Structure formats: C-alpha cells, structure tokens
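Below is one structure, written out as structure tokens; the observations come after it.
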Amino acid sequence: MTFFGAPVYFLAVALFALGIFGFLTRRNAIVVLMSVELMLNAANLTFLAAARGTAHVHEASAYAIFIILVAAAEAAVGLALVLALFRIKQSTDLDVASDLKG
Amino acid sequence: MNFADILAYTLGAATLAAALGVVLRRDAVVAAMNLVLSFFCLSGIYLILGFPFLAAIQILVYAGAIMVLFLFVIMLLGVSTLARTPVGARSGLGAAIALAVVVEGAVLSVKLASGAAANTAATTETVAGVSELLFKQGLVLPFEITGVVLLAAMVAVVVIGRRDLRVRSVADFAREHAFDPRPLVTSMPPPAAPDGLDAHGLHTNGIIKNNARAAGEHHNSEEIAK
C-alpha cells in the first residue's frame, strides 16, 4: 500500500491528535507551545499531501510557507509571554497563572 | 511498495515516535529535541512528497530558528525538569478529545484519499513557481500582509519582554509605599555606597534602603562597644 494515499493523512491526523493531547494535558507553558507547533505541522502536512501531483503544488507550498510564518510569530509572542509569566510567578506552570479566575 | 514508500513509512513512524516523546517526556530539553527530530523527519516526508523547497524551509525555519528560540527560553529560565503531570480528569478529557479527533480525521482522510486517487501526475514544486506566485501574481497581497504580521509580532515581543513591565501585586505595592518610621537622616551618614542602582535598576526607596543599612551598622557598632 502506497504511503501517499490514506496513510499520509493518517500520519497528519495522529500528529494533530498528539498535539491536542499535549495542549490539553500538559501544565508547562513551553510544552504547550510545542504541542501547538505539532498541530501546525500536521496542518502543513495535510496541505502538501493533498496538493501532491495536482496542478496546485505551488499554491499549497505558498500556504505552507504562510503557516510556518504564523507559527514563527506565534512562538515568538508565546515565549515572550512565558518569560513575562516567569518574571511574575517564578514558574512556567500554567496552573499558577490563575489570577483572573473568578 | 517501492523504495520511496518504505522510506516514507519509516520517516512517518519516526515522526510519530518523536511526537509522542514531545507530549510525554518530562524533561523540557528532551521534549524540544524530540520536536526537532520530528521536524527533520517531516522534512524528509516533504522531500519524498515532491516539495524540496518546503523541506529546506522546514529545516531552516522550524528546526533552525523556532527550536533555537524554544531551547533558549528553556535554558534561560532553567525550567528543564518539570513537575510530574498527575493523571487525572484532565488527562482523561484530553485523551477523549484526541481520540475523537483521530476517529473523525481517519474517516475524513479515507474520503480525501479516495477522491484524490485519480491524480498521479508527477508535478513537483519548484522555487521559481513558488516565487512567481508570491512575488508576481496571485498571493502578492497576502505575502505583504505577512510582513506586517511579523513586524507586529516583533513589536509585541519587545514590549512584552521589557523588564519594567512588572505587574505588581497589591502586597508589593503596599510594601513599597508603606510608612517607614525610621528617620530619613541618621546622625552618622553612611560611607558612600558605590552601587548607585539596585539590582533591578529601579530607583524606588533607595534612600530608605541606604538608611536602613546605616542604622543597622550603627546599632551593631554600639553593641560591640558595649
């Protein structure tokens, strides 16, 4: 069975599910950001796999570049927020950042 | 099943294993290294899929720039070893939602694969094609907007990362503005302290600190004299 039929989409789905699992269960802010990166990579893989062999490879490539760019911006802002959080709470644990909880 | 398929299956398995490591490992540096490995394997898959430019971008930007940023923050904060995440209701909820995504995605991917099975023309991506799209026609405006997005992110990072952007708790505020009953001028002036600024670069209550130190020294010398 060739990899470029359903299996490549299965891989993307599994990556996305792992990202969601990490995002929902981990408590460390940095690992949560890494899980988001996993999900964005799964989206990229789906784009490219769907465009493989069609006339739209360049469009898919351009959109994947946009996704990578947004991921870079998101990582930069997220890590700056983690730094600010660490400065206030001396921890990167997301459970301690509960000041706005009612 | 030819060589490309075997290679792609191997890389896919390695990607999944590394992603599992990202989610499950407790050491943040090990998790980041697992993420780098997963990015490299994905880059290989892109190469086999026929996207050589994107494979290069994946390594340069993701494994190069973004992961260096992550490792930089981990090592700067010194939070490598993390507390054990308790297996509780939240883990169950996360696993349930992830499982739902897997089922939904599996159904969708079978559908997607059966729809696209007819297209097997060997078209590969070229740098010329991508740049034609990004710089000359089609996606020029979105590409310009990504520049604005990057600029906004950069400004935001500079503002958020400022050292004096310190959110003070009520207790901090009260401590800093509390009435200090000690006299501001002591009889014996302290020797000129070489440190003009305190450790935080803040110049609040520097006088009070110096006076407190001088009063302490004065008290000690009196005790010694007795």
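To find a chain, count down the sequence lines: A is the first, B the second, and so on, and within it residues start at 1. Here the structure is a predicted model, which is why all the values come from computation and not from measurement. No hydrogens, no waters, no symmetry mates; every other heavy atom, side chains included, goes into these values.
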Given a strict heavy-atom distance threshold of 4.5 Å, which part of B:Leu76 is in contact with chain A: side chain, backbone, both, or neither?
side chain

What part of B:Leu35 lies closer than 4.5 angstrom to a heavy atom of chain A: side chain, backbone, both or neither?
side chain

If you tally heavy-atom pairs under 4.5 Å against chain A, which of B:Ile57, B:Leu24, B:Val157 wins?
B:Val157

Distance (rounded to the nearest 0.5 Å) between B:Phe39 CZ and A:Glu37 CD
5.5 Å

4.5 Å side-chain heavy-atom contact, A:Leu45 and B:Thr15:
no

When the side chains of residues 95-107 of chain B are checked against the rest of the protein, which donor-acceptor pairs come out under 3.5 Å, sequence neighbours left out?
none

Any residue meeting side-chain contact (heavy atoms from CB on, under 4.5 Å) with B:Ala31, in chain and number order, not counting sequence neighbours:
A:Met34

Does the side chain of A:Phe66 reach to within under 4.5 Å of the side chain of B:Leu139, using non-hydrogen atoms?
yes

Worked check of side-chain contact (heavy atoms from CB on, under 4.5 Å) between B:Val73 and A:Phe86:
CA-CA 11 Å; B:Val73 169; A:Phe86 188 83; over 6 Å; no

So with a 6.0 Å cut-off around CZ of A:Phe23, is the heavy-atom count from everything else above 12?
no

For A:Leu38 and B:Ser38 the tightest heavy-atom approach is CD2-OG, 4.1 Å

Answer with side chain, backbone, both or neither: which region of B:Leu16 has an atom nearer than 4.5 Å to a non-hydrogen atom of chain A?
both

Of A:Leu24, A:Val77, A:Leu79, the largest count of non-hydrogen pairs under 4.5 angstrom with chain B goes to A:Leu79

Residue among B:Ala19, B:Ser131, B:Gly12 with most heavy-atom pairs under 4.5 Å to chain A
B:Ala19

Is atom CZ of B:Phe72 surrounded by more than 12 heavy atoms (other residues, nucleotides or ligands) closer than 6.0 Å?
no

Name the region of B:Leu108, side chain, backbone, both or neither, that has any atom closer than 4.5 Å to a heavy atom of chain A.
neither

Residues A:Ala80 and B:Ile160: closest non-hydrogen pair is O-CG2, 3.6 Å

Which atoms form the tightest heavy-atom contact between B:Arg25 and A:Arg26, and what is the distance?
O-NH1, 3.0 Å

Reported OH-to-CG distance for the pair B:Tyr46 and A:Leu48, which is rounded to 0.5 angstrom:
5.5 Å

Between CG on residue B:Leu20 and CZ on residue A:Phe21, distance to nearest 0.5 Å:
9.5 Å

What part of A:Glu59 lies closer than 4.5 angstrom to a heavy atom of chain B: side chain, backbone, both or neither?
both

Between A:Ala73 and B:Val149, the two heavy atoms sitting closest are CB-CG1, 4.3 Å

Residue pair A:Leu11 / B:Tyr9, side-chain heavy-atom distance below 4.5 Å:
no

Heavy-atom pairs under 4.5 Å with chain A, option from B:Ala156, B:Ala4, B:Gly94 with the top count
B:Gly94

Count the heavy-atom pairs under 4.5 Å between each of B:Leu69, B:Leu93, B:Ile6, B:Val61 and chain A, then report the option with the highest count.
B:Leu69

Contacting region of B:Ile74 [heavy-atom separation from chain A under 4.5 Å]
both

If you look at every heavy atom in A:Arg87 and B:Arg162, which pair is closest and at what distance?
NH1-O, 2.8 Å

With side chains defined as the heavy atoms from C-beta onward, is the minimum distance between A:Phe47 and B:Leu54 less than 4.5 Å?
no

Greatest number of non-hydrogen atom pairs under 4.5 angstrom with chain B, of A:Asn44, A:Val31, A:Val8, falls to A:Asn44

Could you tell me which portion of B:Phe143 (side chain, backbone, both or neither) has an atom closer than 4.5 angstrom to a non-hydrogen atom of chain A?
both

Over all atoms of both residues, closest heavy-atom pair of A:Ala62 and B:Leu134:
CB-CD2, 3.8 Å

Within the structure provided, determine whether B:Leu42 and A:Leu15 are in side-chain contact (heavy-atom separation under 4.5 Å).
yes

Part of A:Ala71 lying under 4.5 Å from any heavy atom of chain B:
both

Is the shortest heavy-atom distance from the side chain of B:Val22 to the side chain of A:Leu18 under 4.5 Å?
no

Pick one of side chain, backbone, both or neither for B:Thr126, based on which atoms fall under 4.5 Å of a heavy atom in chain A.
both

Most contact-rich option vs chain A, by heavy-atom pairs under 4.5 angstrom, among B:Ala28, B:Gly138, B:Ala32, is B:Ala32

Tell me which of these, B:Ile45, B:Thr146, B:Val158, has more heavy-atom pairs under 4.5 Å with chain A than the rest.
B:Thr146

Tell me, side chain or backbone of B:Phe51 under 4.5 Å from chain A's heavy atoms, or both, or neither?
side chain

